[in-house]
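Structure, as C-alpha cells:
The figures here come from the full heavy-atom set of this structure, side chains too, leaving out hydrogens, waters and symmetry mates.
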Amino acid sequence: MVRFNYMSNFQIIKRLYTNYTKKYLKNILISVFFSVLLAGSTSSIAYLLDPAINELFIKQSNTLVYIIPAFIVLAFALKGMSLYFAKIIMINVAEEVRRDIQTDMFSSLIHADTQLIDKEHSGKFITNLSNDVNMITGLLSTAILNLFKDSLTLIGLLTVMFYQNWKLSLIAIIMIPLASFAAKSLGKRISKVSTQQMQRAAILTSYLIEIFKNHKLMKIFQKEKYEKTRANEFIHNLKELNKKINIVYVRASPIMEFLTGIMIAILIFISAKLVVKNELEVNNFFSFLAAMMLAYQPVRSLATLNITVQQGIAGARRVLPIIDKEHEIKEKNDAKDLSISEGQITFENVKFKYLKDNNEILNSINLNIPAGQMTALVGHSGAGKSTILNLIPRFYDVGSGDIKIDNQSIYDAKIYSLREKISLVSQDTTLFDDTIKNNILYANSDASDEEIYNAAKYSFADEFINQLPNKFDTLIGENGVRLSGGEKQRISIARAILKKTPIILLDEATSSLDADTESKIQEAINFLTKGRTTIVIAHRLSTILNSDKIYVINQGKVVGEGKHDELLSSSDIYKNFYEKQIKRS
C-alpha cells in the first residue's frame, strides 16, 4: 500500500486528478470557457469607464449617451451569466467526484478484512466518508474553479491596468506576491489544525454511536451525568479546533484589507502626481482604479486558495489509504470454485493469532469434522471456539496450517464460492432496519414468497410474525430493536434455512432463547442441519447431546474428542462442564 504520509502534495493532487477529475475534463473545460467570458466581461466593465468619463462627462457627447450604458449593462449581464454557468458545471463535477470517491471508499470497506473493521471504530470511517470527502471535493471543484476563474479575471484586469498606465500597474503587481506569501503560511497552519479537527470529529462520532447503542446500559447504571461530562469534553475540544480553523480563515481578511489599503493609498498618491504632470488623464485613472478594485476579489481568492488546497490534501491523506488498502484475505490468481460433494472439513496443524494480539489464539489445531453430521465445540470462554468457526469462511486467515473441505484447501478456492456454501447463525444476531421479509430475504434475494414463508415456518418465526400488524412487512428498527432476543434469533435461523447451504455454523445459536421456546428452536435447528455438515458452539445440553462428535477446546488446543459418554470418562474439562450444566438445569 502507498504510504501517503510520505507523498508530496503534488503527487496526491496528481493521483486525485488521474483517478477522479480527468474523466470530467470536458465539463471542466466548458467551465473554463465560461471563466474566460467572465474575465472578459469583468475587464470590459473596468475598461468602459474610460470612454464613459471621456465621452460623456468631459466631451459631453450625445451620440454615445445610450450606447456606452447599454454596453455596461451587457457586460454585467454576461458576467452574471458566465459566473452562473461556470459554478453550476463545477457543482455537478464536484458531486460526481464526491460520488466516485465515496463509492470507492465504501467498496474498499465492504471488501475489507474483518480484522481491519474490528481494529477501527465505525465512527472514524463515517467521518472519513463524509467530512474528509467534503474537503477533497472542495479541492477538486471549488479550488479548480477559483483557480481558472480568478486567474483569468486577474489577467484581464491587469491588461486593462497596463493599457491605462504601465507605471501604476507595476506598483500594483508588487502587492500580489506579498498577499500570496501571507496566505501560504496560513494554509500550512490550517492543514495541521484541519487534521486534528477531523480526528476529534471521528472521536465524537464514535462516541455518539456508542451512546445510542448502549443507552439502556447508561440508564441502568445511572451514568447520564458521567456521559454528559464526557460529551461536553469531546464537544469542547472540537469547538476549540473549529474556532482555530475559522480564525485562520478570518485572519486572511485583515491582512488582505491592510495590503489593499496600502496599495490604493500609494497608487492614489502617485496618480495625483502623474495627473499634475499631464502623464495621466482623469478618465484613464478612473478606468485603472476600477480595474484595480475589481482585481481585489480575485487576488484575495487566489491568495486564500492555498487554504482550500491544504484542507483537501489533508483529507486525501486520510481517505486514499483506505481506498488503497490491500486486503490480507484475498484469493489466488488461479483460484477455482469450491465443489462440495460431501462436506467434510479438516483442520491441519492450524495456528492463529490476531494482529492486535501477540498471543496465539489457536495452537496446532487438528480437527476432522464429519460430513453431514453435527460436531460440537466445547470449552471455556476465550478457548478459541468462535475463532475456529470464523476461520472456515475466511473471515480471518490462518497463521500456518491448512483448512480443507472435501480435501480442497479453502485457500485454493474462490472466496465467493466458499462463502456461498456456508450459513452462520451467531449469538450476536445482526438485523437491518428494514422489514422482516427483507431481513430473511437477505440470505437469498431470488427466493420466492413461498420459500420465505416456509423458512419462517420451519424456524417458528411465523408464530410471532403473524401476530404483528403488518406481518412480514413490519419494520423492526435498528438491529431489530422492536423484537425480543428470541424473535431476532428465529429470524436469523430462518435466514440460514433460506440460504440452503451444505455447511452450517452455529455460534451459541440458542443463547438468547427462553426455556419455553428452546424445544421449538431445537426442532428448527434439527431441520436446518439435517444432512448438513454442522459445527456448533453451545452451552445447552440439548445441543451437545445431539452432536455426533464433540471436541473439547482449551487455551487454543484440542484436549479431548469423542462422543458424550466417552468424554465423561476421558476428559475432566468436559465432565466439569457437563456437571455444571446439570446443576443449572
Are any of the side-chain heavy atoms of Arg532 and Ile503 separated by less than 4.5 Å? no
Close side-chain approach of Val398 to Lys351, heavy-atom, < 4.5 Å: no
Identified side-chain contact (heavy atoms from CB on, under 4.5 Å) counterpart of Thr529 within the set Ile535, Val425, Leu506: Leu506
Can you confirm whether more than 12 heavy atoms, excluding those of Gln555, are under 6.0 Å from its CD atom? no
Looking at Pro502 and Ile340, what are the two nearest heavy atoms and their distance? CG-CD1, 3.9 Å
Hey, does Ile323 have a side-chain heavy atom less than 4.5 Å from the side chain of Ile101? yes
Got Thr346 and Leu367 here, is their nearest side-chain heavy-atom distance under 4.5 Å? no
State plainly whether the residues Glu487 and Arg490 are in salt-bridge range, i.e. N to O under 4.0 Å. no
What I want to find out is whether Asp449 reaches Lys437 closely enough, with some N-O distance under 4.0 Å, to be called a salt bridge. yes
By salt bridge (Lys or Arg N to Asp or Glu O under 4.0 Å) - contacts of Lys87 (at least two apart): none
Return yes if some donor-acceptor pair links the side-chain N/O of Ser364 with the main-chain N/O of Asn349 below 3.5 Å, else return no. no
May I ask you to check whether Ser386 and Asp507 show a side-chain donor-acceptor distance below 3.5 Å? yes
Write down the atom of Ala316, the atom of Ile12, and the distance for their closest heavy-atom approach. CB-CG2, 3.6 Å
Gap between atom CG of Asp402 and atom CZ of Phe347 - 0.5 Å precision: 10.0 Å
Could you go through Asn27 and Asn92, starting from their C-alpha distance and side-chain angles, then the distance that decides it, and tell me whether this counts as side chain to side chain donor-acceptor pair (under 3.5 Å)? CA-CA 9 Å; Asn27 289 355; Asn92 290 332; over 6 Å; no
Got a second to check how far Lys404's NZ is from Asp406's CG, nearest 0.5 Å? 12.0 Å
Ile13 side chain near Val309 side chain, heavy-atom distance below 4.5 Å: yes
Does a salt bridge link Lys332 with Asp412, judged by any charged N lying under 4.0 Å from a carboxylate O? yes
Pair Thr42-Thr153, side-chain donor/acceptor within less than 3.5 Å: no
Enumerate the salt bridge (Lys or Arg N to Asp or Glu O under 4.0 Å) contacts for residues 21-33, please, sequence neighbours excluded, ordered by first and then second residue. Lys23-Asp100
Specify the closest pair of heavy atoms between Met105 and Ile322, including all atoms of both residues, with the distance to one decimal. CE-CD1, 3.6 Å
So that I can tick it off, tell me whether Arg99 and Asp104 are bridged by a salt bridge, with the cut-off set at under 4.0 angstrom between side-chain N and carboxylate O. no
Value rounded to 0.5 Å, distance of CD1 in Ile405 from OG in Ser339: 11.0 Å
In sequence, state the C-alpha distance, the side-chain angles, and the governing distance for Lys414 and Asp334, and then conclude on salt bridge (charged side-chain N to carboxylate O under 4.0 Å, His left out). CA-CA 9 Å; Lys414 293 180 179 178; Asp334 59 348; over 6 Å; no
Counting only heavy atoms not in Tyr411, do more than 12 fall under 6.0 Å of its OH? yes
Tell me every residue that passes side chain to side chain contact (heavy atoms under 4.5 Å, CB included) with Ile329, counting only those two or more places apart in sequence or in another chain. Asp113, Arg394, Asp397, Ile415, Arg419
Distance from Leu16 atom CG to Leu320 atom CG, nearest 0.5 Å? 5.5 Å
Euclidean distance, Tyr396 OH relative to Leu391 CG, rounded to 0.5 Å: 9.0 Å
Heavy-atom nearest pair, Thr533 first then Gly343, reads OG1-O, 2.7 Å
Please check if the number of heavy atoms outside Asn407 that lie under 6.0 Å from its CG is greater than 12. no
Taken to the nearest 0.5 Å, the spacing of Leu431 CG from Ser492 OG works out to 7.0 Å
Looking only at heavy atoms, the pair that brings Ser417 and Lys336 closest together is OG-O, 4.0 Å
Taking Asn444 for the side chain and Lys499 for the main chain, is one N or O donor matched with an acceptor at less than 3.5 Å? no
Is the backbone N or O of Asn134 less than 3.5 Å from a side-chain atom of Thr137, with the two atoms forming a donor-acceptor pair by type? yes
Report yes if the side chains of Thr501 and Glu420 come closer than 4.5 Å at any heavy-atom pair, otherwise no. no
Determine whether a donor-acceptor pair (N or O, by modelled atom type, separation under 3.5 Å) exists between the side chain of Lys421 and the backbone of Leu338. yes
Side-chain contact test, heavy atoms from C-beta onward, threshold under 4.5 Å: evaluate it for Met135 versus Arg318 and give yes or no. yes
Using a distance-only test with no angle check, is there a side-chain donor-acceptor pair under 3.5 angstrom linking Thr435 and Asn438? yes
Report yes if the side chains of Val350 and Ile403 come closer than 4.5 Å at any heavy-atom pair, otherwise no. yes
